[in-house]
Amino acid sequence: GAVVSQHPSRVICKSGTSVKIECRSLDFQATTMFWYRQFPKKSLMLMATSNEGSKATYEQGVEKDKFLINHASLTLSTLTVTSAHPEDSSFYICSARDPGQLAYNEQFFGPGTRLTVL
Amino acid sequence: DAKTTQPPSMDCAEGRAANLPCNHSTISGNEYVYWYRQIHSQGPQYIIHGLKNNETNEMASLIITEDRKSSTLILPHATLRDTAVYYCIVRSQSNTGNQFYFGTGTSLTVIP
């Protein structure tokens, strides 16, 4: 199957700073990527849908100015958590669609990024 | 919003079949059922998906009821490495990208 990577795998930052998380599709071009967050012992919550070359579509209740998403190329989407606070500490996971495998498995997930805000 | 309900937890003896149920009574005619699993602190892993017919691959079998209101994921010979949270997802159709809305999942523990 297709491979999706995330960088960094874990990050610790001070409150008030901004953190950028990268999501890359390594062997396919992803026109659409998705960002999720997951709190301990909870399920994945979809935050936004990222479409290459256009603005991201955010789920209800997700602050677009807080979580900046950029999908500038077919293999890279970035999530920037601006002015991070301890309550933003979470596991952030991205996934990507492979248009060439619509009949098989549309979303491939990255390994996740553990963000800890002190 | 998630359109599925699953039992929160299940146990299964190693070597036995694990049968994980999922209810999706409001599924639409063109919506697929997907199953993913997540091992602790990793990204979800695809298992199988289906629309109407039963499906089988090297990992599992998916049995979908005729009315499509429920399905069962079957791991034929569970191993300790199958211990994970299993998510049943009804793929939403939309113009913005066919989103996945995860429910609470079933935490499967395979017991030696």
Side-chain angles (χ1 to χ4, degrees), chain A residues 1-6 9-10 21 23 30-52 54-62 69 71 77 90-99 101-115, chain B residues 1-9 20 22 30-53 55-60 62 73 83-109:
Chain A
V3 179
V4 175
S5 70
Q6 284 184 239
S9 58
R10 60 178 60 231
I21 302 170
C23 177
T31 53
T32 306
M33 291 183 172
F34 305 88
W35 287 95
Y36 300 81
R37 67 186 299 181
Q38 184 176 31
F39 292 109
K41 299 188 184 300
K42 298 294 185 181
S43 184
L44 283 77
M45 184 193 79
L46 180 65
M47 299 175 67
T49 303
S50 170
N51 293 294
E52 186 270 337
S54 64
K55 291 184 178 180
T57 303
Y58 290 80
E59 294 296 310
Q60 191 171 11
V62 178
I69 292 173
H71 193 160
S77 176
S90 188
F91 193 50
Y92 291 87
I93 306 171
C94 73
S95 69
R97 288 188 69 207
D98 181 355
Q101 296 198 46
L102 287 176
Y104 172 51
N105 165 20
E106 286 193 340
Q107 284 197 37
F108 298 90
F109 285 82
T113 296
R114 175 78 58 191
L115 171 63
Chain B
D1 290 337
K3 300 176 69 170
T4 61
T5 55
Q6 299 175 250
S9 63
L20 292 89
C22 178
N30 60 353
E31 290 181 318
Y32 283 76
V33 178
Y34 279 76
W35 283 83
Y36 281 75
R37 72 181 183 184
Q38 186 181 28
I39 296 171
H40 182 63
S41 294
Q42 298 181 25
Q45 175 192 22
Y46 168 81
I47 301 174
I48 199 166
H49 77 285
L51 181 63
K52 296 179 181 178
N53 300 322
E55 302 287 345
T56 295
N57 62 21
E58 64 278 5
M59 288 184 69
L62 174 61
L73 177 75
T83 293
V85 179
Y86 287 77
Y87 294 101
C88 167
I89 305 162
V90 170
R91 190 190 72 188
S92 172
Q93 299 279 34
S94 77
N95 293 329
T96 57
N98 298 328
Q99 288 81 357
F100 282 177
Y101 293 99
F102 283 74
T104 54
T106 295
S107 178
L108 175 69
T109 301

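Each chain gets a letter, A, B and so on, in the order its sequence line appears, and its residues count up from 1.
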| query | Considering only heavy atoms from C-beta outward, does the side chain of A/Ile93 approach that of B/Gln38 to under 4.5 Å? | reply | yes
Shortest non-hydrogen pair, A/Ser43 vs B/Phe102, comes out as OG-CB, 3.3 Å
**Prompt:** Quick one: does B/Tyr87's side chain get under 4.5 Å of A/Leu44's, heavy atoms only?
**Reply:** yes
Honestly, the part of B/Ser41 sitting under 4.5 Å from a heavy atom of chain A is both
Value for CG (A/Leu46) from CZ (B/Phe100), rounded to nearest 0.5 Å, stands at 10.5 Å
Honestly, the part of A/Gln60 sitting under 4.5 Å from a heavy atom of chain B is neither
Value for CD (B/Gln99) from CZ (A/Arg97), rounded to nearest 0.5 Å, stands at 9.0 Å
From the list B/Gly105, B/Pro44, B/Gly43, the residue making the most non-hydrogen contacts under 4.5 Å with chain A is B/Pro44
Heavy-atom side-chain contact between B/Tyr34 and A/Gln107 under 4.5 Å = no
Residue from A/Gln38, A/Gln6, A/Arg114 scoring the most non-hydrogen pairs under 4.5 Å with chain B is A/Gln38
Looking only at A/Ser50, A/Pro111, A/Ser54, A/Cys94, the option with the highest number of non-hydrogen pairs under 4.5 Å against chain B is A/Pro111
